[in-house]
2 protein chains.
Amino acid sequence: MPRPDQTSEKREQLVPIVARAFAELGYRRTTTAELARRCEVRENILYRLWPDKKAMFVAAIEYVYQVSTQLWQKLLQSDEPGASSAERLLDYEAKHHGELGLHRLIFAGLSETDDPVIHDALQAMYGRFHRFIARQIADHRDDTSAAGRKDAEVTAWAIVGLGTVAAIGRELGLIKATGRKRLVADVGKFLLEGKAR
Amino acid sequence: MPRPDQTSEKREQLVPIVARAFAELGYRRTTTAELARRCEVRENILYRLWPDKKAMFVAAIEYVYQVSTQLWQKLLQSDEPGASSAERLLDYEAKHHGELGLHRLIFAGLSETDDPVIHDALQAMYGRFHRFIARQIADHRDDTSAAGRKDAEVTAWAIVGLGTVAAIGRELGLIKATGRKRLVADVGKFLLEGKAR
DNA sequence: GTATTGTGTAAGCGTGTACTTACGTTACCC
DNA sequence: GGGTAACGTAAGTACACGCTTACACAATAC
């Protein structure tokens with residue numbers, strides 16, 4: 001009998017490194033050779049863990065999604081008094097925005113969306129993010145009517161937009177840390193309270 | 001004496017095609033061969049018009065910026081009664097959002113921002129867009145105080161975020177046309193009126 | 001006409017890249 | 001200890017890509 005298969009453990013071990021590489025370099029510039037270098041293994045070892053480069057990218061997206069939502073879930077469970085879940089999420093994002101490179105991964109993927117696999121992975125992740133935020137908003141507003149839920153959905157997209165533009169502004173050196181914080185926290189709260197109709 | 005130089009005319013003729021290619025395919029996937037194919041010329045002709053592929057991309061960015069702002073300027077000059085410039089811009093963008101592929105070009109460039117040339121081109125364009133919108137907001141609100149201008153800046157970023165997330169939502173098939181219209185027009189107007197403090 | 005120089009065609013060059021193959025070594029279970 | 005299959009190393013393959021070169025042709029000014 002041979003030794004036990006450790007592929008899945010190895011995958012879990014390497015996925016954070018892979019995700020960081022894709023976030024830093026984008027999809028095309030992240031060569032398999034570069035991935036192997038950062039992971040300190042040979043290329044063919046990566047190809048034993050994933051069928052091709054695309055699968056590595058999809059794994060990276062799913063990893064970042066999981067880490068982000070786990071982090072958010074933890075944040076929501078630690079119930080502080082005096083602030084709703086939605087408010088706490090906004091404060092957290094205002095402070096720690098973009099640390100995981102989520103948006104950079106999205107930008108990298110958006111140039112590859114005619115590939116159905118990448119398109120679907122991105123769509124699933126982005127869609128789940130949006131629904132998560134929309135639910136927090138509806139809870140915060142305590143409005144479960146049909147119109148209220150619809151409104152929470154639209155507002156959720158606007159808040160996702162805040163995070164996205166904050167990421168771009170940081171990337172291009174156009175919005176400094178204080179500006180980003182103000183953008184996400186202040187405008188975020190404004191959107192959260194008001195009803196956009 | 002030789003025949004007159006027509007390089008700049010040729011550049012102007014080909015730039016729209018080049019821009020469309022980069023918007024559709026992203027930076028890396030837009031090969032010089034593909035550019036030549038779409039332009040119906042040989043590759044070396046492109047290299048007589050621009051020093052390298054990067055320059056073609058930068059030219060595409062500048063072209064899309066110019067077309068967009070020209071279009072907006074025209075929109076602002078045709079003064080309809082009963083709606084401020086800012087409102088008309090929002091309505092226009094809600095209807096025709098993303099037609100020029102501006103956001104796709106930005107996403108393409110954002111994966112190449114460690115290249116200083118691309119970074120600077122993107123920064124300049126995005127920054128000018130933001131200032132343009134911020135000015136419209138300040139005018140609309142008729143508040144030229146320091147705090148008012150600062151607020152208009154933050155709001156302008158939020159509105160740029162609306163456009164960006166609408167583009168992503170469209171790209172991923174997550175927000176349909178009606179939803180995008182509602183997002184840009186309704187939330188846009190909400191941001192425009194309210195003061196986010 | 002002719003010299004001069006822009007314009008178009010075709011081929012190719014060096015490098016980078018996704019992915020593979022071949023093979024030796026190691027750790028496990030019986 | 002021995003059979004087995006996971007694990008690691010190294011080299012290689014086929015192709016695509018950015019960019020260049022060589023050269024024939026065309027149009028203009030004199």
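Each chain gets a letter, A, B and so on, in the order the sequences are listed, and its residues count up from 1. Values reported hereafter were calculated over all heavy atoms of this structure, with side chains retained and with hydrogens, waters and symmetry mates removed. None of the values given here were measured: they were computed from a predicted structure.
- The distance between the ring centers of B/W72 and B/F129 falls below 6.0 angstrom.
- Between A/F57 atom CZ and C/dA18 atom C1' there is a gap of 16 Å when expressed in whole angstrom units.
- Enclosure of atom CD in B/Q73 by more than 12 non-hydrogen atoms of other residues, nucleotides or ligands within 6.0 angstrom is indicated.
- Rounded to an integer number of Å, the gap from OH of B/Y27 to P of D/dC17 is 13 Å.
- Contact record, B/E171 with A/H119: O-NE2, 3.4 Å, taken as the closest heavy-atom pair.
- Between A/R37 atom CZ and C/dT17 atom P the separation is 12 Å, expressed in whole Å.
- Shown here is B/K150, whose NZ atom has no more than 12 heavy atoms of other residues, nucleotides or ligands within 6.0 Å.
- Using modelled atom types and a 3.5 Å distance limit, the side chains of A/T155 and A/R141 yield a donor-acceptor pair.
- The side chain of A/Y47 has C/dT20 as its nearest neighbour among D/dG18, C/dG8, C/dT20.
- Between the CD atom of A/E34 and the C1' atom of C/dT15 there is a distance of 17 Å, given to the nearest Å.
- Closest to the side chain of B/T31, out of C/dT17, D/dT20, D/dC17, is D/dC17.
- Between B/E9 atom CD and D/dA27 atom P the separation is 16 Å, expressed in whole Å.
- Rounded to an integer number of Å, the gap from CH2 of B/W50 to C1' of D/dC19 is 16 Å.
- Whole-Å rounding puts the A/L46 CG to C/dT20 P distance at 13 Å.
- The closest side-chain donor-acceptor pair between B/E193 and B/H140 falls under 3.5 angstrom.
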Close N/O contacts between protein and nucleotides 9-11 of chain D (under 3.5 Å):
{"unit_1": "D/dT9", "atom_1": "O4", "unit_2": "A/N44", "atom_2": "ND2", "d": "2.4"}
{"unit_1": "D/dA10", "atom_1": "OP2", "unit_2": "A/R42", "atom_2": "NH1", "d": "3.4"}
{"unit_1": "D/dA10", "atom_1": "OP2", "unit_2": "A/R42", "atom_2": "NH2", "d": "2.6"}
{"unit_1": "D/dA10", "atom_1": "N6", "unit_2": "A/N44", "atom_2": "ND2", "d": "3.3"}

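- One atom, CZ of A/R28, and another, C1' of C/dT15, lie 18 Å apart when rounded to the nearest Å.
- At the phosphate of C/dA18, OP1 or OP2 sits under 4.0 Å from a side-chain N or O atom of A/T32.
- A donor-acceptor contact shorter than 3.5 Å is absent between the side chain of B/R38 and the backbone of B/I17.
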